[in-house]
Amino acid sequence: MPDADPWVSIVDDDPEFRNSVVRLLRSVGVETREFSSVPEFFDAELPDCPMCLVVDVRMPGRSGLELQRELVAAGRQLPLIFISAHGDIPMTVQAMKAGAIEFLTKPFRDQDLLDAIATGLARDRARRESEEALDDLRKRFDSLTSREREIMVLVTNGRLNKQIAHDIGVAEATVKVHRSNLVRKMRARSVPELSRMTDRLGLTPQKQTS
């Protein structure tokens, strides 16, 4: 699917600051959404597109760091750029260890913010592409029969056709048919590629001996 246009969400209780960031981003053709608090952000329905968050660390009520913790706990990997008028080193370290793209202290250069946003959007775009590729791979794996899945794991574990036939109690010719079918369905061009697919799917067979 073609990627949707990226968005930047600004979470800050200062309307003047939000407006200045909106003007900056629109001047370079980037769409924005504004939120005055963490609850307002979580109550919103976000667009399905590459996204980056510009978040004030200190806000009335829930802080930017709390927003980050809630996203991490929910498994939502949205890139964050923190903004603060009075950040300190422990706060910066905490934010960066939790995966923040950047921690900018006001006043900062417009270009520093634009560079951080470009990094965040690129990272989120790559994440979305990776997730889409994994979803497609899972669909291909789901299309296999139970016997084809079994043989796929054995093939990527280094077993030869005659060994697999012995392992599962069928004729070698039957293994060859199943193997041909699973390779076609998985769209794998080689055994190493099939092995990489197995790794991505989290299949970790036990090594067998002859």
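Hydrogens, waters and symmetry mates play no part in the numbers below; they use all other heavy atoms, side chains included.
Atom CG of Leu65 sits about 10.0 Å away from atom CG of Asp56, to the nearest 0.5 Å. Put simply, CD on Glu193 and CZ on Arg196 are 5.5 Å apart, with the number rounded to the nearest 0.5 Å. The structure places CD of Glu45 at 8.0 Å from CZ of Arg33, a figure rounded to the nearest 0.5 Å. A distance of 11.5 Å separates CG in Leu121 from CZ in Arg123, rounded to the nearest 0.5 Å. Separating the CE atom in Met197 from the CE atom in Met152 is a distance of 7.0 Å, to the nearest 0.5 Å. We find the CD-OG1 distance between Glu102 and Thr105 to be 9.0 Å, quoted to the nearest 0.5 Å.
Nearest heavy atom pair, residue Cys52 against residue Ile81, reads SG-CD1, 3.6 Å. The heavy-atom pair separating Ala133 from Arg200 by the smallest distance is CB-NH1, 4.0 Å. The two residues Ala165 and Ala171 have their closest heavy-atom pair at CB-C, 4.0 Å.
No donor-acceptor distance shorter than 3.5 angstrom exists from the side chain of Ser180 to the backbone of Val177, with no hydrogens or angles considered. Under the 3.5 Å distance criterion, the side-chain polar atoms of Gln163 are left unmatched by any main-chain donor or acceptor of Arg159. Between the side chain of Ser130 and the backbone N or O of Ala126 there is no donor-acceptor pair closer than 3.5 Å. With hydrogens and angles ignored, the 3.5 Å screen pairs a side-chain donor or acceptor of Glu66 with a backbone N or O of Ser63.
Residues Lys162 and Glu172 are not paired through a salt bridge, judged by the lack of any N-O separation under 4.0 Å between the basic side chain and the carboxylate. With salt bridges taken as basic N to acidic carboxylate O contacts below 4.0 Å, none links Arg18 and Asp13. Ion pairing between a basic and an acidic side chain is recognised when a charged N comes within 4.0 Å of a carboxylate O; Arg127 and Glu131 show such pairing.
A single hydrophobic cluster is seen to contain both Val155 and Leu201, as judged by linkage of ILVMFWY side chains at heavy-atom distances under 4.5 Å, directly or through other members.
The number of heavy-atom neighbours closer than 6.0 Å to NZ of Lys106, taken from other residues, nucleotides and ligands shown, is above 12.
For the side chain to side chain contact (heavy atoms under 4.5 Å, CB included) test with Leu53, the passing option among Leu46, Val8, Leu67 is Leu67; the others fail. Test Val175, Asn157, Leu154 against Asp167 for side chain to side chain contact (heavy atoms under 4.5 Å, CB included) and you get one pass: Leu154.
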Show, in sequence, the C-alpha distance, side-chain angles and deciding distance for Val57 and Ile83, and conclude whether the side chain to side chain contact (heavy atoms under 4.5 Å, CB included) test is met.
CA-CA 6 Å; Val57 172; Ile83 304 294; over 6 Å; no
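Within the 4.5 Å cutoff, side-chain heavy atoms of Ile168 are placed close to those of Arg147.
A tilted orientation is assigned to the rings of Phe103 and Phe82, their planes being inclined by 30° to 60°.
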N/O donor to acceptor pairs below 3.5 angstrom from side-chain atoms of residues 138-146, sequence neighbours left out:
from   : atom 1 : to     : atom 2 : distance (Å)
Arg140 : NE     : Asp136 : OD2    : 3.1
Arg140 : NH1    : Met186 : O      : 2.6
Arg140 : NH2    : Asp136 : OD2    : 2.8
Ser143 : OG     : Arg140 : O      : 2.5
Thr145 : OG1    : Glu148 : N      : 3.1

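Residue pairs that meet the ring-ring contact (aromatic ring centres under 6.0 Å, His included) test with at least one member in residues 41-62, sequence neighbours left out, are Phe35-Phe41.
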